[in-house]
Amino acid sequence: MSSWTPNAIAARAAELGPWFHNLDLQGVRTAPDHFLGDYPANKFRNFAHVIPADLTGKTVLDIGCNGGFYSMEMKRRGAARVLGIDFDDDYLAQARFAAEVEGLDIEFRRLSVYDVARLGERFDVVVFMGVLYHLRHPLLALDLIFEHVAGDLLLYQSMQRGSDEIARIPPNPPFTETAIFDEPGYPKLHFIEGEYSNDFTNWWAPNRAASAAMLRSAGFTIEAEPEPEVFLCRRALRSQAFYGAVYPARGPEDEEGGGTAPTAPDTST
């Protein structure tokens with residue numbers, strides 16, 4: 001049982017603010033005036049049912065864990081090990097505090113999605129929520145997740161803009177075919193130069209078709225789309241073995257000059 005009192009929780013939460021995750025810490029809200037409401041709990045309620053209710057014995061990697069909401073939800077489902085990573089020390093401090101208050105044994109580390117090869121292990125569930133559109137190299141991130149850390153399930157979400165349609169695209173159109181690129185449902189990544197919604201870290205906004213196509217291209221099959229912007233995927237075999245990260249970061253076994261990066265992705269399941 002947590003020894004934190006409501007007053008102490010409120011005081012420490014204020015010190016660690018501002019918060020993007022409006023967490024309920026023993027009845028104390030960390031972002032009660034969030035512009036998205038009770039976020040991300042209000043969003044999670046729409047797709048929580050597609051994640052196994054019992055994660056006993058499973059391992060979970062939460063990439064871009066922010067204040068720790070999804071890390072804590074996975075631990076509450078019985079996961080044996082949950083690792084949350086983020087590149088922002090302020091978010092990591094919030095997540096560690098929240099897990100302590102809730103009495104949850106979760107590990108948090110400062111690590112970029114581009115460096116997941118350093119973990120040297122695969123996880124049963126990888127959570128990749130609200131990260132892709134903040135990355136300058138989004139498809140590289142998906143490639144690295146596939147190659148190095150995804151063992152089975154991937155829970156993905158990205159801010160999406162543009163059409164919600166998915167066009168029927170021929171598998172190998174001729175060079176002279178140009179009209180398909182103007183179709184609303186053609187996979188598109190909208191590049192954001194400058195700021196969007198007062199946030200200079202918003203770089204890309206895929207449409208729905210682009211999210212789906214990028215996930216498939218990285219090697220994942222889409223199991224469910226329980227909510228707009230959310231995809232539950234499973235690691236599969238890439239259709240073409242030469243697909244892989246353009247810049248395949250090395251794993252621990254290749255550091256210290258002791259080896260070379262693989263030329264093709266590991267397609268073992």
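Grouping Ile, Leu, Val, Met, Phe, Trp and Tyr residues whose side-chain heavy atoms lie under 4.5 Å apart, directly or via other members, places Tyr39 in a hydrophobic cluster with Phe20, Phe35, Leu36, Tyr91.
Using bins of under 30°, 30° to 60° and over 60° for the plane-to-plane angle, the ring pair Phe181/Tyr186 lands in the tilted bin. Between Phe128 and Tyr156, the angle of the ring planes lies from 30° to 60°, which puts this pair in the tilted group.
Dense packing is recorded around CG of Asp89, with more than 12 heavy atoms of other residues, nucleotides or ligands lying under 6.0 Å away. In the displayed structure, Phe200 atom CZ is contacted under 6.0 Å by at most 12 heavy atoms of other residues, nucleotides or ligands. Annotation for Lys58: atom NZ does not count as buried by contact number, only 12 or fewer foreign heavy atoms lying within 6.0 Å.
For Trp4 and Phe97, the ring centers are positioned less than 6.0 Å apart.
Judged by a 6.0 Å distance limit and a 45° cone about the ring axis, Arg234 is not positioned over the six-membered ring of Phe220.
No donor-acceptor distance shorter than 3.5 angstrom exists from the side chain of Ser158 to the backbone of Gln160, with no hydrogens or angles considered. Gln157 contributes no side-chain N or O that, together with a main-chain N or O of Val230, makes up a donor-acceptor pair within less than 3.5 Å. Judged by distance alone, the side chain of Lys188 and the main-chain N or O of Glu183 form a donor-acceptor pair under 3.5 Å. For Arg235 (side chain) and Phe146 (main-chain N/O), a donor-acceptor pair under 3.5 Å exists by modelled atom type.
Under 4.0 Å is where a charged nitrogen must lie from a carboxylate oxygen, and between Asp86 and Arg109 no such pair does. A salt bridge links Arg81 with Glu121: at least one charged nitrogen is closer than 4.0 Å to a carboxylate oxygen.
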